[in-house]
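What follows is a single structure, written as structure tokens, with notes after it.
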Amino acid sequence: MMKRRHDLDALRAVAMLLGVVLHSLMSFMGLSPIRDSQQASWVWGVFLAIHGFRMPLFFLVSGYFTLMLWQKRGLQSMLRQRSIRILLPCLVGVMTIVPLDTLVGGWALQYSNQQRVQKKENRLSGDAAKNIFQVIRFGDFSTVKTFLSSKKKEVALQLKARDPEFGMPPLHLAALLGRTNVATILLEKGADIQQRDEGGRTALHAAAFLGRARLVEVLLDRKIDVTVRGDEDDTALDATNVPWDETQGIAAWLRVPEIDRKTVEAGRKKVRELLQEAVGSVTRVPDSKERKMKEESPHVRAHSFTSRVEHVRKLYASVLKSDVFTVGGVAKGSEPSKLAAVFENLRPRQLFMSRVFDHLWFLWFLCWLIALFVLNAATLHVLGIHVAHYKFFQLKRCLLWMIPLTLIPQLFMGVFTPRMHFGPDLSFGVLPQPHLVLYYALFFGFGMSVYASGESAKHLGRWWPLHFTLAAICFPIALVTMSNPVATAIPQVLFAWLTCIGFVGFFHRYFSGESKMLRYISDASYWLYLMHIPFVMVIACLIQSWQWPVFMKVLLICSATTAILLLSYQLFVRYTWIGIVLHGPRQKTHMKPMTD
């Protein structure tokens, strides 16, 4: 029987704690309601690199320990232990931790908005607006008008430019913020009404997204093209159907001032009526010459496979978002009470898409993967095959089919968040997204193969410097190609596998011995990950205006959160019933009395 792999214990803890790092980075990237005053491009690289391997690594290690429990204790004992350690914290967390995250997140958003208002007043009073984007965002109409009149040469160039922060032209920004008078004067000064942002959308998309009906009327009166589709094949009409929780997230990311649900929904209803009327009057069929030229285009022929993949991706996404998986909930356009909003995760309206588990989703996935493992093991047992001795489950053989098979779910990554094509998707709903189940099941199964292979598995990753080097080569290739799901699939899959195997080898090389400190951190890491979100948000909120380097701020958020939660773990968790649930009973160590 194999001895316990202390290195994998430590590796599981690292995968957990890297989650604290990821969430600490988000306020410096525009992915959080908290938008720090200091931003840095390198944060994106670190974030995506960690995101690309962290959860595959976690599920790999989880697969190892799941098979170990099954072989050592039997099926019933394994299921009982996993129910206590995983299912129970997951269900309790959904009713307590996730609502707490929502409550603190609401406070953080309100606090950040107050900071932005104060910052706006300071900018206006200090004449700090240096470009058209700052003027549109922070100035009133008279300020915008004065700026456009006083800097004609600069304005002529800036009207065609894109906001370096979000890739939006000035007209798009005015449309998004609902500044009708500003949009009108921009058009009078020569703004191109048909100009597109970096996502291929026009200002009509931006205005429709938040229900800016008056602005939509202005754009339609000036003959904006209502048939334009963005890079994600979305029309302005599609923008009015974005779910409310997603709308809030995007609006916060774009730094739109606080939005009211009733106002937005009412505006969207009016916009839909305007757009449906406009679309009906401009329907146009390409002539035969245009169709022939398009069909014979070398670009179309060269990307026929990519087009077919995109078609399948869209079909897959439409199925998961369809009404078949929609359940009862709050009526459309209604605003829940503050208390109901805190527990909104307990009233899912869409089984795949509603946010139910938030950062606890991995526990729910583990429950599904364990259930699938038990089902497959039972099926193989009926066929007279022991899963641990199955030849295709042996370490070297399984790599030959698992890595190529990972390409299939990888092709479906980003179907719901197409701007985020790097790394695995997130699935917060009651039903896990099928492509993610397959993706993580492969890493979970590989972890089982590592245990089943016994002593021979200790050589896995022994060439870890080479694995990390190859992963470092794949990473920039994946970033460059991530807008194309077909082109980016191979480098992303290789990056995930090479990094995971490299970390297994690295930790086996340096952390194989038993260490009380590492075991303590491994025990505490579960509690730290479960509870870290509120502390990260509060600390990030309080320091968002500090003029510190980004690295120092990230270090402060991570270290302060970790210190607070380690103290709470020692005092209230480790030797209590909570600790028994999370990692089993632990005995206090007492100093032996001195004797003569």
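Computed from a predicted structure; not experimentally measured.
- In the model, Thr406 has no side-chain atom that pairs as donor or acceptor with a side-chain atom of Gln410 under 3.5 Å.
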message: Checking Gln433 against Tyr439 for the side-chain hydrogen bond (donor to acceptor under 3.5 Å, both in side chains) test, could you report, in this order, the C-alpha distance in whole Å, the side-chain angles of both residues, the deciding distance, and whether it holds?
response: CA-CA 10 Å; Gln433 296 168 21; Tyr439 183 83; over 6 Å; no
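- Closest approach of Tyr526 to Ile86, counting heavy atoms only: OH-CA, 4.0 Å.
- Phe495 and Phe475 have their aromatic ring centers within a separation under 6.0 angstrom.
- Looking only at distances, no side-chain donor or acceptor of Thr499 sits under 3.5 Å from a matching main-chain atom of Ala496.
- With values rounded to the nearest 0.5 angstrom, Met402 atom CE is found 9.5 Å from Leu395 atom CG.
- In this structure, Asn484 contributes its side chain and Val486 its backbone to a donor-acceptor pair below 3.5 Å.
- Side chain of His51 to backbone of Pro424: a donor-acceptor contact under 3.5 angstrom is found.
- Taking each heavy atom of Ile521 and Ala13 in turn, the nearest pair found is O-CB, 4.3 Å.
- Distance check: Thr66 OG1 to Leu366 CG gives 6.5 Å after rounding to the nearest 0.5 Å.
- Side-chain contact of Ser427 with Trp364: a donor-acceptor pair under 3.5 Å is absent, judged by distance alone.
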task: Evaluate the criterion side-chain contact (heavy atoms from CB on, under 4.5 Å) for residue pair Tyr64 and Met448; output intermediate values, then yes/no.
output: CA-CA 4 Å; Tyr64 176 93; Met448 290 184 165; over 6 Å; no
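- Using modelled atom types, no side-chain atom of Lys321 and backbone atom of Met353 make a donor-acceptor pair closer than 3.5 Å.
- Residues Ile578 and Phe572 come closest through the heavy atom pair CD1-O, 4.0 Å.
- Ring pair Phe506/Phe503 is perpendicular by interplanar angle, where above 60° counts as perpendicular and below 30° as parallel.
- Under a 3.5 Å cut-off, the side chain of Arg85 and the backbone N or O of Ile580 do form a donor-acceptor pair.
- One N or O on the side chain of Thr576 and one on the backbone of Val573 form a donor-acceptor pair closer than 3.5 Å.
- Taking the six-membered ring where the residue is Trp, the centroids of Phe511 and Phe507 are separated by under 6.0 Å.
- Between Tyr569 and Tyr520, the ring centre distance stays below 6.0 Å.
- The 12-atom threshold is exceeded at CD of Gln570, counting heavy atoms of other residues, nucleotides or ligands nearer than 6.0 Å.
- The distance between the ring centers of Tyr529 and Phe362 falls below 6.0 angstrom.
- Between the side chain of Ser522 and the backbone N or O of Asp9 there is at least one donor-acceptor pair closer than 3.5 Å.
- Checked options Leu320, Thr326, Val356, Asp323; the residue passing with Gln350 is Thr326 (criterion: side chain to side chain contact (heavy atoms under 4.5 Å, CB included)).
- Using bins of under 30°, 30° to 60° and over 60° for the plane-to-plane angle, the ring pair Phe443/Trp497 lands in the parallel bin.
- Ring planes of Phe325 and Phe352: perpendicular class, angle over 60° (limits at 30 and 60°).
- The number of heavy atoms from other shown groups lying within 6.0 Å of CG (Leu431) is above 12.
- A donor-acceptor distance shorter than 3.5 angstrom exists from the side chain of Ser453 to the backbone of Ser449, with no hydrogens or angles considered.
- Without hydrogens or angle criteria, Arg313 side chain to Met413 main chain gives a donor-acceptor distance under 3.5 Å.
- For the pair Pro491 and Ala487, the tightest heavy-atom approach, listed with the atom from each and the gap, is CD-O, 3.5 Å.
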task: Please lay out, stage by stage, how Met26 and His23 fare under the test side-chain contact (heavy atoms from CB on, under 4.5 Å).
output: CA-CA 5 Å; Met26 291 177 69; His23 293 126; 3.5 Å; yes
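- Side-chain contact between Arg519 and His583 is absent, with no heavy-atom pair separated by less than 4.5 Å.
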- request: Verify side-chain contact (heavy atoms from CB on, under 4.5 Å) between Asp358 and Ile533, making sure each step is shown before the conclusion.
  value: CA-CA 10 Å; Asp358 272 12; Ile533 292 286; over 6 Å; no
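- Considering every non-hydrogen atom in both Val94 and Phe357, the closest pair reads CG2-CD2, 3.2 Å.
- Aromatic ring orientation, Tyr440 versus Trp361: tilted (interplanar angle from 30° to 60°).
- Across Arg5 and Val504, no two heavy atoms sit closer than the pair NH2-CG1, 4.3 Å.
- Side-chain atoms of Ser568 come within 3.5 Å of backbone atoms of Leu565 as a donor-acceptor pair (strictly under, hydrogens ignored).
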query: Can you list the steps and then say if Leu582 with Asp523 is a side-chain contact (heavy atoms from CB on, under 4.5 Å)?
result: CA-CA 8 Å; Leu582 297 183; Asp523 288 345; over 6 Å; no
